[in-house]
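Heavy atoms only: backbone and side chains are in, while hydrogens, waters and symmetry mates are out.
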Amino acid sequence: MSTSPALEALGVSVVADATGEVPRASRPGRNSDQSFNGIGLPLLQINHTRLAADGGTWWWHTPDDTYDKIDARILKTDTDLYADALAALTGQASLPVSLMAEAEALLAALKAREAESGGALDLEEAKVGSARLAALASRVDPFLQGGAMGPELEALARDVFRPVHRIMFVPGSDHHPDPGLYGRPLPGLEPASVLVEEPQDSDRYGFALSYLLRERNRILEAVDEALRAGDRLLRAADIRW
């Protein structure tokens, strides 16, 4: 199962309830199924892995990928799982998403990228902002999942999630397709390891540092945007923070 942090608990619950299995969750990569990261649309992708004993998937995306490779039972199971997930998202009074999961994943990714740079890239301000977002999430999540949401409040909640999702999964511009080169959270900070690999007086180090500082500013702006949206949501819902 590949999923944004906000939808991981929903995906695990849907699969466990229907199959009795607890799926392993990974973060979204960048491929044809992730065309909407730039607008901050979260992802939940549920899939089976075909076993080698069943023929594997050597034929996937080849001329041999024909109708006879379809297992109707697996196809029905997957379709039912997506129907259950959509029903939970659209048919329940509560909104089964978690801002806390998003904030915690962002904080963990910032720490990991900072470590990759050997401490040369200072992300302390972004980590402080993410921790503040997690504190806000501790107030918002019970409200989201408590069944008290209406269309206006759901729109405000969306505005909190959107900027975080963008920086977590899109490098650079939100308005152009990304190159699909990086598969880990905060792909805009992928050059962090260059600050360890290269001497400080090298051109590669200088170019990487300049790029990383611009991306750090983008992250700070996104966290501030999420916090402002969170404040609006708390005020609209009359929740004290």
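- A search for side chain to side chain contact (heavy atoms under 4.5 Å, CB included) contacts involving D17 returns S13, not counting sequence neighbours.
- Proximity of L212 to L195: side-chain heavy atoms (C-beta onward) are separated by under 4.5 Å at one or more points.
- In this structure, CD1 in I46 is found 8.5 Å from CG in D84, a value given to the nearest 0.5 Å.
- We find the CZ-OG distance between R27 and S2 to be 8.5 Å, quoted to the nearest 0.5 Å.
- The CG atom of L189 sits 9.0 Å away from the OG atom of S117 when rounded to the nearest 0.5 Å.
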query: side chain to side chain contact (heavy atoms under 4.5 Å, CB included) between L89 and L10: does it pass, once the steps are laid out?
result: CA-CA 9 Å; L89 285 168; L10 170 63; 3.7 Å; yes
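- From S98, atom OG reaches atom CZ of F161 across 6.5 Å, with rounding to the nearest 0.5 Å.
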- prompt: Under the side chain to side chain contact (heavy atoms under 4.5 Å, CB included) criterion, do L106 and L110 qualify, and how do the steps go?
  reply: CA-CA 6 Å; L106 173 58; L110 287 167; 4.1 Å; yes
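- Partner L233 forms a side-chain contact (heavy atoms from CB on, under 4.5 Å) with one of L99, L136, L156 and no other, that one being L156.
- Between L41 and H165 there is no side-chain heavy-atom pair separated by less than 4.5 Å.
- In summary, E225 and R162 do not engage in a salt bridge, as defined by a charged side-chain N under 4.0 Å from a carboxylate O.
- Considering CZ of R158 and CD1 of I39, their distance stands at 10.0 Å, rounded to 0.5 Å.
- Other residues, nucleotides and ligands place no more than 12 heavy atoms under 6.0 Å from the CD atom of E125.
- Between the side chain of S202 and the backbone N or O of E198, no donor-acceptor pair lies under 3.5 Å.
- In plain terms, the two heavy atoms of I219 and I167 that are nearest each other are CG2-CD1, 3.9 Å.
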query: Should Y82 and Q45 be marked as a side chain to side chain contact (heavy atoms under 4.5 Å, CB included) after you check the CA-CA gap, both sets of side-chain angles, and the distance that decides it?
result: CA-CA 9 Å; Y82 278 113; Q45 187 175 23; 3.8 Å; yes
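- Comment: R218 engages E215 in a salt bridge, judged by a side-chain N to carboxylate O separation of less than 4.0 angstrom.
- Hydrophobic clustering of Ile, Leu, Val, Met, Phe, Trp and Tyr side chains at less than 4.5 Å, counting indirect connections, unites M1 with V97.
- Taking each heavy atom of E102 and A6 in turn, the nearest pair found is OE2-N, 3.0 Å.
- Pairing each heavy atom of A236 with each of L153, the nearest pair is CB-CD2, 3.6 Å.
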- prompt: How far apart are the C-alpha atoms of D64 and W58, what are their side-chain angles, what is the distance that settles it, and do they pass the side chain to side chain contact (heavy atoms under 4.5 Å, CB included) test?
  reply: CA-CA 9 Å; D64 293 296; W58 62 265; 3.8 Å; yes
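- At a threshold of 4.5 Å between side-chain heavy atoms, the hydrophobic network of Ile, Leu, Val, Met, Phe, Trp and Tyr places V14 and L44 in one connected group.
- Put simply, CD on E104 and OG on S130 are 11.0 Å apart, with the number rounded to the nearest 0.5 Å.
- Ion pair D65/K69 not flagged as a salt bridge, since none of the NZ, NE, NH1 or NH2 atoms sits closer than 4.0 Å to an Asp/Glu carboxylate oxygen.
- R113 places a side-chain heavy atom less than 4.5 Å from the side chain of E116.
- Side-chain contact between K127 and V223 is absent, with no heavy atoms from C-beta onward closer than 4.5 Å.
- For the pair L234 and F143, the minimum side-chain heavy-atom distance is 4.5 Å or more.
- Nearest heavy-atom pair across V12 and P23 is CA-CG, 4.0 Å.
- A salt bridge does not link E221 with R216: none of the charged nitrogens is closer than 4.0 Å to a carboxylate oxygen.
- Shown here for P187 and F169, the closest heavy-atom pair between the two residues is CG-C, 3.7 Å.
- In the hydrophobic clustering of this structure, F207 does not group with L209; members are Ile, Leu, Val, Met, Phe, Trp, Tyr whose side-chain heavy atoms approach within less than 4.5 Å, directly or through other members.
- The heavy-atom pair separating E114 from E124 by the smallest distance is OE2-N, 3.8 Å.
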